[in-house]
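To start, the structure under review is shown below, and the notes come after it.
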Amino acid sequence: MTEPPGLGPASWEGDVVAVGRHGLKVTRICLGTATFGDRTPEHAANEILDLAYDAGVRFVDTSNSYPPKPGLLGEAERILGRWMASRRRRDDLTIATKVNYPVGPGPNGRGLSRKHLFDAVDASLRRLGVEYIDLYQAHQFDDTCPVEETLDAFDRLVQNGKVRYVGVCNWPAWRVVEALWTAERRRFVAPISVQVRYNLLRRDAEVETLPMAARLGVGVLAYNPLAAGLLTGRYRLGEQAPPGSRFGDTGLSSRGVSMGESYRRRYWTAGHFDAVERYRRFCSERGYDMATTAVAWVMHQPNVTSVLIGASEPAQLPPLLRAAQVRLSKDDLAVLDDLWWQLPRHREE
């Protein structure tokens, strides 16, 4: 299948943007690593990293809880660290990782407390084999810990050189504002970015988070651009999700939640599959690749800084990387915009 019109040059290295109103620059595409060490063995992860780097990607996102399964936690950081060491590619990369989810026993083996943050950052530095982390992100809000304590700990990590910038992931807009206000009042380092789930079938971030980020100069890192793979067109309602896929994953996360079930609750509905069929026809009529176009749509949204893409095998990556070269027309964007508005409204599980 051909690509959308307006395809740019084969290499887009140098296509970088500032994170909000801050000095840190990142590439418009960020490589996510959630499958590394689980569905993606190390040799395949290395090939994915090589492909992304050769295409110009200089921004990589991971977490101390990837892959999110007991016994595998932190393996994505280890794989990334070994790849950087073998390729000698640390200096021109922006490395982002996250902290909060359970990674150890006892009540202090998770969260955003000073104790856990100090312990967790040292463990991440060892796994990554680096002296500092470029962007250290709070993975979900921790309502058991005062935000002042978290920001104070982040501030100390920046002051002692272990972290360059801090951000948040999956925080409600009002919590981000609270953190910014607290940081200003207490003279702490403030979050420069927020990670949000954002795609053609999931646009609730437009209600509060994206306008807040634009108004206050916070960068937006959009993840899940393919709606867990639904927007690739590989699934059909009424058919069994393939084992090992996001929707067919029977394993439990580090939080004790069924991975596949959580994705099915979010996307596996008749309304979503109807939208995917309309999207399939849209792409087929124009000769567009479904995965490429879905990522390109997110990149076209004015308040998005960078889009996180991921692949469980190397062959999945090139169509996603080509999204950075795509220019969708106003007519294309109008049709794609309508997919969301025709979806039945439902309560988030």
Side-chain angles (χ1 to χ4, degrees), residues 1-4 7-13 15 27-62 66-69 72 75-76 78-80 82-84 86-87 89 93 199-201 222-236 239-249 251 259-260 263 267 276 279-280 282-284 286-299 306-326:
M1 188 174 289
T2 58
E3 304 302 333
L7 198 61
S11 175
W12 44 274
E13 185 172 359
D15 182 12
T27 47
R28 294 294 318 283
I29 282 183
C30 174
L31 181 67
T33 63
T35 65
F36 287 10
D38 181 17
R39 288 184 290 142
T40 307
E42 186 161 0
H43 68 88
N46 288 338
E47 187 175 346
I48 289 170
L49 286 161
D50 286 338
L51 286 169
Y53 187 91
D54 290 344
V57 174
R58 296 295 183 270
F59 189 18
V60 183
D61 178 82
T62 188
Y66 287 168
K69 293 183 180 178
L72 298 176
E75 188 60 22
R78 294 187 188 94
I79 290 173
L80 176 56
R82 288 191 288 266
W83 176 83
M84 285 190 292
S86 66
R87 299 332 193 246
R89 287 176 175 167
L93 294 174
N199 56 61
L200 281 164
L201 305 179
Y223 72 91
N224 204 212
L226 299 181
L230 204 67
L231 288 167
T232 66
R234 64 179 294 203
Y235 301 105
R236 295 290 194 280
E239 296 181 1
Q240 193 74 18
S245 67
R246 289 284 181 90
F247 294 105
D249 193 339
M259 301 291 290
Y263 279 108
Y267 294 118
V276 171
Y279 178 58
R280 189 196 308 276
F282 166 87
C283 290
S284 178
R286 293 160 176 79
Y288 293 2
D289 180 84
M290 292 178 70
T292 303
T293 306
V295 176
W297 179 87
V298 179
M299 296 186 73
S306 186
V307 182
L308 278 73
I309 63 170
S312 56
E313 55 188 63
Q316 297 173 345
L317 195 65
L320 310 183
L321 293 170
R322 285 195 289 272
Q325 307 158 35
V326 168

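Along the sequence shown, residues are numbered consecutively beginning with 1. What you see is a predicted model; the values in this text were computed from it and never measured.
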Partner set under ring-ring contact (aromatic ring centres under 6.0 Å, His included) for Phe282, not counting sequence neighbours: Tyr288
Arg87 charged N/C atom sitting above Tyr53 aromatic ring, 6.0 Å / 45°: no
Identified side-chain contact (heavy atoms from CB on, under 4.5 Å) partner of Leu320 from the options Asp289, Leu226, Val307: Leu226
Separation of Tyr66 OH from Thr33 OG1 (nearest 0.5 Å): 7.0 Å
Atom pair OH (Tyr267) and CG (Leu230), whose distance is rounded to the nearest 0.5 Å: 8.5 Å
Sidechain-backbone polar pair: Thr40 side chain, Gly37 backbone, donor-acceptor under 3.5 Å: no
Rounded distance (nearest 0.5 Å) linking atom CG of Leu80 with atom OG1 of Thr62: 6.0 Å
Check: Arg234 side chain, Gly229 main-chain N or O, donor-acceptor pair, under 3.5 Å: no
Atom pair CD1/CE of Ile79 and Met84 - distance to nearest 0.5 Å: 12.0 Å
Residues forming a side chain to side chain donor-acceptor pair (under 3.5 Å) with Asp61, sequence neighbours excluded: Lys98, Gln137, Gln195
side-chain contact (heavy atoms from CB on, under 4.5 Å) involving Ala311 - partner list, sequence neighbours excluded: Ile48, Gln316, Leu317
Any residue meeting side-chain contact (heavy atoms from CB on, under 4.5 Å) with Ala323, in chain and number order, not counting sequence neighbours: Thr292, Val295, Ala296, Met299
Test side-chain contact (heavy atoms from CB on, under 4.5 Å) applied to Pro41 - qualifying residues, sequence neighbours left out: His43, Ala44
All side chain to side chain donor-acceptor pair (under 3.5 Å) counterparts of Glu42, not counting sequence neighbours: Arg82
Side chain proximity check, Leu231 to Leu200, heavy atoms < 4.5 angstrom: yes
Residues forming a side chain to side chain donor-acceptor pair (under 3.5 Å) with Ser306, sequence neighbours excluded: none
Heavy-atom pair with the smallest gap, counting every atom of Leu49 and Leu31: CD2-CD2, 3.6 Å
Where Pro68 and Ala34 come nearest, the two heavy atoms and their spacing: CD-O, 4.0 Å
Close side-chain approach of Cys30 and Val60, heavy atoms under 4.5 Å: no
Partner residues of Arg280 under the side-chain contact (heavy atoms from CB on, under 4.5 Å) criterion, sequence neighbours left out: Arg236, Val276, Glu277, Met290
side-chain hydrogen bond (donor to acceptor under 3.5 Å, both in side chains) evaluation trace for Asn199 with Trp297: CA-CA 8 Å; Asn199 56 61; Trp297 179 87; over 6 Å; no
Exam field: side chain Thr27 to backbone Arg58, donor-acceptor pair closer than 3.5 Å: yes
Shortest non-hydrogen contact from Pro225 toward Ala294: O-CB, 3.9 Å
From CD (Gln325) to CG (Asp15), nearest 0.5 Å: 10.0 Å
